[in-house]
Structures are given as structure tokens and as C-alpha cells.
Amino acid sequence: MKRERRQFLKGLVGGSVALGLGFSGLRFLEALPAEGAVPAAEKIFRTGHNTNCDGACGHQVHVVDGRVTFIEGAGWETNIDGRAAQTFNPRICLRGLSQIQNTYSPDRIKYPYRRVGPRGSGQFERITWDQATSAIAENFQKIQTQFGRESVWIAPYTGALSLLEGVIGASFRFASVIGASAGDFEGDNEGDSAGPAAFNYMLYDPTAPANSGGLLDGHEYTDLLNAKVIFLWGNNLAETSIPDWRTVCDARNNGTKVISLDPRYTPTAAGADLWVPVRPGTDTALIDGMMNWIIQNKRYDEAYLLKYSVAPFLVHPKTKLFLKHKDLVPGGANKYVVFDERDRTIKRYDDPTLTRASLLGTHSFGGLQASTAMQVLADTMSKFTPEYAAKITDVAPETVVHLAQLYAGNHPAAIKCGFGLSHWHRGDLTHQALLTMATLTGNIGVQGGGVTIMSGALLSNAFSGLGNFWNPDGKKWVPLQPMAACDAMLFGKPYPVRAAWFMIDNYAQQMADRNKVLKALKSLDFLVVSDYVLSATAELADIVLPACTYLEKTDLLGSFNYYLQYMPKVIEPMWESKSDLDAFGLVAQKMGVGQYFQKKPDDYIKDVLAIGDPKAPESVRGLTWEQLTSGAYRLNLPAPYVPYADKKFATKSGRIEFYVESLLPYDQEVCDYKEPIEASPNNPLYQKYPLVFLSTHTRFRTHSQYANLPWLKEINNNGEGFLEINPTDARARGIASGHVVRIFNDRGWMKVRARLTEAIKPGVVNCYQGGWVTRQVKHYIEGHPNNLTHQIANPAQSIVPNFPSNAAYYDCLVQVEKAEG
Amino acid sequence: MSKRWGIAIDQNRCIGCWTCAVACKAINNQPLGTYWNRILTSRPNENAPTTAPATLAIDVPHGTFPDVQLAYQPTSCQHCQNAPCEKVCPVNATFRREDGAILVDFERCIGCRYCMAACPYGVRTFTWGEGQYAPEFAVGYGKDYRSAGRLVFTPQRPIGVAEKCTLCVERIDVGKQPMCVDACPAGARVFGDLNDPASAISVSIQQQGGRQLLSELGTDANVFYLPVSRPNKVRS
């Protein structure tokens, strides 16, 4: 009927004006739907968007005739135990709304394929699932026999971030039962692990098995309402965590000040009360400058420091380790010591005669002088006068002081970072500095305070059955992080990796030092990629498997906030796509371990959440299956969730350790600013490559996902990448807006058009990451931002088993020139 | 007193994310290249030029680094009390409901596009031929909607008809809010009755000093913009 109307109109349009008014009102007479026609019934499902986005939005999905017709933000329920939680608004953004285009995209991989041409030639032939899974099983077995079981690397990364699929999921179960190596579930070192590493240095003991090698915990986003000042530190929240911006604005209505520190005038900076364009990579020096002012002006929280931090503990002047009672007294206890101001003696910190421990000062023992950890910090910070900090950071001395006053003078003060600060070689040091400053001012474990990277951890405390899910019958995978995997492929170290299976992970373009990565992938004997689009990585595969989008499979989203979002299978999988869980089941069967993949998704979810088990963790105790599948229920946690609220820290001392003994070998025990490994004006390379190259996130993609969606593309320069460059830098190179430019360094180069903008600091350029570089789709004229980046990791991070390395995407120097084209 | 529906857009909250525009596109099944709602930029509290292409260089600020400024101005039909489009329509296809919604009667529109010339906000669109849709099937509200017997929405965008924001009358008539208001992740949009001085929209306009775009033309729009007010703006 509708179709007829359109054809009717099409025929009429040309003549309508000439025919004048006579026809008005006639055109629809033929085309109206028949009276009484019953529209197809609409069903509404609630699910969670399990992409790698800390929005973790709930989606209300409208389905008519088995097809999704609309997606909108979904509501949130109360706590599992019925206690009323605070009101949470439905959340969605332009990316979430566009998911309907993602599921019905013509770019979807519809069937399994086998490579028939040379690797990367894009020549594939369609095969059956049976053929594909047989090929995977045979090749994996052959390679494992020849090179060792860990020579098969399973790489579930963050394209999907839910319980069964993707980065937490069933892939680890699969890797465990076949004894393969795999990337770690939260040790994603693709540039996101430097921040978490610092949390582990200072707030946990990463070597303690109870801490499982790495933890990270953030304040719930609604806690921003309790802050008196919010520092959005290198965090373009208004573009990358859009729904959180509402909370920032609500906080501002209460008088909260909002500060944005960023070398770019982002939408966040535009919306802030104060924008501080800091020289990229020097944030630690700025924080140190602020801390020095705070210490010099005694604006620290002495009581908090004495009670909850290692501040009063004395440090051995020779070993630099904490001085212990046994160092003073033969047969003494292995206990920290402090200086008692009343009787002016050194004694155990838990000595009942202790009246008042000295916060600052240097005290004699056995002919040596021992300073308190606080004194060590104060001495280290003392060189960071406002003028000295200003020289390094390009932030005016008075602004350094102003920032320190704002932070120390408004309690509680919240620091929210994203992963921008993490994309540096010494990103761990910067977070160490932020946490130290938060400790000085009594902001850790306090409502409205803290340093937050993600507003919600991966809920490992709720997933009590995760261990058994990952490691059935005690079988374990071998941890191998993405950067290390690259070396294992290329150099066979620490062992050869000869085959890999990626799940919605675009390693071939999203990992730093892309030329190295491509070489590594091309060196593999066998490569499997499951994805829902033919990504740059899938193009290189021997076997390509059609994956489901989040609407086509059953899963559980329990990340980035404190809700459990059951993800029902909203529609049947399109074409021949399958969930990862189903794909693993088929391959496992053929590898003789099919018994580990016999259950249905719902049963795995029940197991992991210990539903119905009276001994389930307190956070999920009492949760019923009916609750889980009828809405998003909040864990039994106070709202807003504040980490470390009990001021218990799983460190060796049980206190916040801003003096980190285990970092002594790396000269990083306190947060003394060190220069970026590359992007520093003092680097000789700077003479050749004088521009800091950023490759930031845009609101139009989530990493490389959704770069192909028309609704998003048409707002975003039709998807074409561009280089943001300050007109000063552009003029010096004869570059005007729209010119094709070549961006290059010793590692590689790329070409895009220039966009001149005053929104970027001179000396800094930016090209949004995540555009596609496939044979069919090129969002950059040539190359990709990761052709320029490197894989040089800070060895200090190796003390945290789950976050041992970090890709420093932004710690990168380039030169830009006008190019032909 | 009858209702006078309006939307207040808080430019102090708006971050130009385009979620409202995509929500509008999705609920109304607009073809590629068509936006009933688009986000323009300007200096704070100035009118953005409505003739500029909306989708180019969307985050480029005004001024010189670091002395730069930027405000986002989502712009769709302003639902004027004194609507130029209504006046020029030769067939009374564009009409104003008593509650302030300006609508187009698809069955009367002859596609002359006088209204598009008359609209000072450049918010009307026209479907010339078979549009390109992704996905190919109709998404969004998905049904015809009639207001007082007049056809004001169809699931497919009709060819040869001038269209624009309908204030989501199919939603507001059943007590919901326009989709852009529901979807705004920043809480930057307030929908309500301008005739009710106690409504959230009236209060926000009164307290924050809402302004109408191009008010000097006398259009008396029902869309108000709440000004950017960011105290303590300090540069380094």
C-alpha cells in the first residue's frame, strides 16, 4: 500500500506546481491504509548496551514483526533487596540510538568465510559453519601439538564487554579448556592500564593473591553531585561519556565548579567553568606544583594523613625502604615506626604509648637521619614552585596556584579522568600523583571526592562464580597481554604464538605501532576473526566468522555501573551469525572438550551470579531470576557507591601508600615528575618532529565500532578523518583547511585533510582514532593514526601482574607537511 | 486557558552531541541527508547563522587560542506563534494548533516550498525523490498520525511534501514528551506549557532568562534558549 503511494507521488511531483492548486488534497486519497487495518503488535525488550563504553546504558528496544524499529534509553529498578535507590535517569546517546543501523547494516558479515587469496587480499569464499569450525579445530590442534598449547592466543577484547561474550567472557573458558594463552580480562593494556596500575601501586598490594593481580574501583557517576569542585582531568566527558554530563550540570546547579584540563578546547572544555590547556604529557608536573603549594601553605588534611596514609612512617635513609621496628631494636617487630612528638622518640606506629606521631620532619636513629614519608614527599615536591611547574606545563604560575586553591579549598573535590592520561608512557606516574594529591587533601574514600577513571568496576565482587566459569575443573589459560602477544608472534618470546582468534577486536588497526602489528598478524600460521563487520583485522583472517550484535544473543552486562543488566536475545541472529558462546561450543566439540560448553547462556549467568544460593556475595544476595530478567536491578550497595569508604586498603600497610616501596627499583617511589618518553621538547627527536600527536576519541564512534553507521557518519564529515591543527602551526607549513597533509615520524605516516582550529594548543595536533582502514572503507586517505604510535611500555608497571604494560598512544612526536592530493 | 507547548533548550548544558538530532531522525524515519533538527554553533548567547551547513567542522570554536568560545544551538522548528510559514502557505497545509504546534497537512501540501523560503530558521526539509534509508525498512513511530483529522505524520517520508519537526504531536497528545527531550543525555531540554507560569519550562525561562531566536522578526517562537552562564571563566 505504502509503496503504491510513493510511486503515485513520484509520478505526480513533476507536474504538481504547474497544475496549481486543483490537486491539493487529492494525492493521498488512493494511498491511505485500509480502515481498520491492525498494526503489527509491538514488543518492548530491556537490554544493556555491552559495547566498550562506560555509559553501559540500558536500552529499551522496540520490536515489530521480529524487527527492531526503535531504541531508546531504559529505566532502572531499585536495589535487589528492595531498598529504594536514588533516582537514575535513563541514559542514551547518539551511538546507542544508532544501534539499529548497526544490526541491520549492509556491512554485516553474513556467513562464515575461508580465505582463498594471499593474506589480506580480501579474497574469501563462503563456507559452512561446520567447515569453518572443523578448520579451526584442526589448525588449533596441529599448532598446539607443534608449538605448545599456549601458541594459540585467544583475544577477546572490548568490542563486547559483557559476561558471556567479549572481554570478560566465555573466551577465557574456551582458552582454559584448550590450554591456550589469552589476554587478561581487565588487564587490557591497549592504553588503558596505566591508570589502573597506579591504583594498584597505592591502594592495593598487587602481589597479594587476594587482589588477583590488579583491581580498580571508581566512584559512581552520581557521586559527582556531592563534589564541591570537579576536575575533569584530560577527560572529554561531554563527548565520550555523554550521559554523565547531565550529572556534572546538575552538580553545577548546586554551585559545584567544573574545571577542564586538556590541551584541546573540547565540548567539555567549552562547557566548563575553567579551561586549562596544559602541555600534553606534563600533567604530573602540574599536579606536583599544586601539591607543593598545598604542602607549603599547610592546606593538607593532617589528621587524615596520619590515620589513613603512610605519611608519618619513617623511611630508612639508606635502603629507602620503610624503617621497621626490627631495624632499630634487635628482635624488634616487623612494624612501621613513627616519631612521637611528645617524648621525641621513635616507636612502633601501634605502640600504646604513642601520643602524637610527627607528620613531617627528619629524626635521628643510630647515627642516621630518617625522614617521614610525608617529609620525603614534601622534599621531592619542593622544587615544583609555581614558576617551575609553569615552565614545564605552559600553565601560568598564578593558574597553578589557583588550581591548588580550588582543589584544596573545596572539600570534597572530585577528580574524574578518562583514559587520556593513561595513554602516556608514564601515565601510571600521573595517576600516582593524582592519588597522592587526593590523599593529601583527605579525598580518598570520601563522598564527592576520589580519583575516578571508570564509574564502576567490572563487578567482579558480584560474580562469585566467575572463577569456575573461567577455569572449569581447575583448567587455566596462560595470560598473555596484547603487546606481549605481538612480540610472541614476531619473535617467539616468551613463547611462540602461531595462531590467534580475535572476537570483535580490531587489533590490526587499534593497537599501537600498527606496522609492527600487521607484521605480527601476517606472520601467523592461522588467524580466526569473529566480528559482525569485515574489520581490518577480519580482512587478514584465514577464517572469518559472522558474530552477533548485542541484540541477537543472550548475555549479562555488569560493568561500568552498579546494576545488573540482563540482555535477552531481542531478535534472532541475522543471516548465519552466531554468538561467541555458540561458536566456542562448536569448536570445543571438535577439539574434544565439548562437555564444557553444554549449558545454555541463562544457566551460565545463574551459575556466575550464584542465583538462589544463600551464600552468594552480599552484593547480589537475594537476587531472583525473575528480578534479573525483568529489569536492571541495583546491587545491594549504597548509592552513590564510593570506593574505599571504609578506609580499608588492601596494601601491605593497610594504608594509602603514596610512598611505594616496590617502585624503588624504577625510581618511581614518589610521584616526582618525569618527562614523557618521546613527546617532550627536550627530546632530541623534537627537533625533527616538533608536534605532539594525539589520536583522541570522538562522539561518533566507540573506538572503531560504528564508524560505518550513516546517521553518525553524515554528522561527522561523512566519516572522513581529518587532522586538527592550530592555524599558527598550519601557516608555518603552508597548510590551509582542506589541504591534504602527510603526518609522519620514523615509525610511519598517514595522510588526511587538515582542519585548522583554534581549539588545539599550538605544537599539538590531533587525528580522531577509530576510522577504518580496510580494503573497502578508508576513513583516512592513507594510513591510520596507529602507524605513528609506539609500543614502548614503562617497566615500572610490570609489578602489577594484570596491568603489566600500557600502550602510550599520545606519547608520540610527528611532523606534518602539505602533501599532494 | 489552553496549553501553549514549548521547549526550552539550556545552552549551558548543551554539548552539541547531536543525540537529539539522531533521536529525531530515528523516531521520524528521516532519509539520509535529512535533519529536522540540527546543531549549529555560535559564540555564547548569539544567534548561530541558520544558513550555514550544519555538519561541517562542528566543534571549531570562535576566537584565538586560548581565548576561544563556543556554544551549541540545536535548531529545529521554533513553532512560532506568528509563523511566517503558515502565512505564506497557499493551501493552508501548514497550520497552527491551538496548543502552538505548527504542523503540515500532508494531504493538502502541494510542494510549492514557499514555506521553506519564508522560514527564517531554515528548518524545513523537502523530500524530492525516493530517499535513501538505513535501515531500509521504516523505523521509529511507524504509524500514520492524524491531528483533528489532518494527516500530519506517516511512517515513510512523503515525496513532494514540505516537512519539519512536528513537536512529536503523536507523543505529546498521549502525555509523552517530544523524543528529543526524552533522549537528551544532558538534560538540556525542558518541555512544557508556557501558559502555566508554574511549569518547569516557564520557571526556567523566567529564572535563567530564556530568549527566542531572531525575536526581532516578531515570530514569537515557542522554543526558548537558556543562556550560557559560566561564571569564573579563567584562562591560564
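Protein chains get the first letters and strands the later ones, always in sequence-line order, with residue 1 at the start of each. Hydrogens, waters and symmetry mates play no part in the numbers below; they use all other heavy atoms, side chains included.
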* Structure fact -> Per-residue tally against chain A (heavy atom, under 4.5 Å) across B:A26, B:A23, B:P135 peaks at B:A26

* To do: Go through B:G33, B:A71, B:A183 and name the one with the most non-hydrogen pairs under 4.5 angstrom from chain A.
  => B:G33

When rounded to the nearest 0.5 angstrom, what is the spacing between [atom1] in [X] and [atom2] in [Y]?
X	Y	atom1	atom2	result
A:L712	B:W18	CG	CH2	11.5 Å
A:Y265	B:Q69	OH	CD	6.5 Å
B:I15	A:C93	CD1	SG	9.5 Å
A:L94	B:K25	CG	NZ	12.0 Å
B:C184	A:I92	SG	CD1	12.5 Å
B:C24	A:L97	SG	CG	11.0 Å

So what's closer than 4.5 Å to chain B heavy atoms on [X]: side chain, backbone, both or neither?
X	value
A:K761	both
A:V258	neither
A:D244	neither
A:N253	side chain
A:R67	side chain
A:R699	side chain
A:F700	side chain
A:I760	backbone

* Asked: Using a cut-off of under 4.5 Å for heavy-atom pairs, which of A:P727, A:P762, A:P90, A:G73 has the most such pairs with chain B?
  -> A:P762

* Pairs of heavy atoms under 4.5 Å with chain B: top-ranked of A:L403, A:I100, A:D250 -> A:D250

* Asked: With a 4.5 angstrom heavy-atom cut-off, which part of B:A188 approaches chain A: side chain, backbone, both or neither?
  -> neither

* Asked: Where do A:W711 and B:Q30 land on the side chain to side chain contact (heavy atoms under 4.5 Å, CB included) test, with the steps shown first?
  -> CA-CA 10 Å; A:W711 287 344; B:Q30 290 156 19; over 6 Å; no

* **Donor-acceptor contact present, side-chain A:R252 to main-chain B:N12, <3.5 Å** => yes

* **A:T69 side chain vs B:V139 backbone, donor-acceptor pair below 3.5 Å** => no

* To do: Identify the two heavy atoms, one from B:F65 and one from A:P277, that lie closest to each other, and give their separation to 0.1 Å.
  => CZ-CB, 3.7 Å

* For the residue pair A:R246 and B:R13, what are the closest heavy atoms and their distance? -> O-NH1, 3.6 Å

* Asked: Are any of the side-chain heavy atoms of A:E72 and B:M179 separated by less than 4.5 Å?
  -> yes

* To do: Show your working on side chain to side chain donor-acceptor pair (under 3.5 Å) between A:E714 and B:Y35 and close with a plain yes or no.
  => CA-CA 10 Å; A:E714 65 184 15; B:Y35 276 95; 3.1 Å; yes

* Asked: Is atom CD of B:Q132 surrounded by more than 12 heavy atoms (other residues, nucleotides or ligands) closer than 6.0 Å?
  -> no

* Of the options B:D59, B:I58, B:L70, which is the one that meets A:P267 in a side-chain contact (heavy atoms from CB on, under 4.5 Å)? -> B:D59

* **Ring-ring centroid check A:Y104 B:F137, cutoff 6.0 Å** => yes

* Between B:Y72 and A:W245, does the ring centroid distance fall short of 6.0 Å? -> no

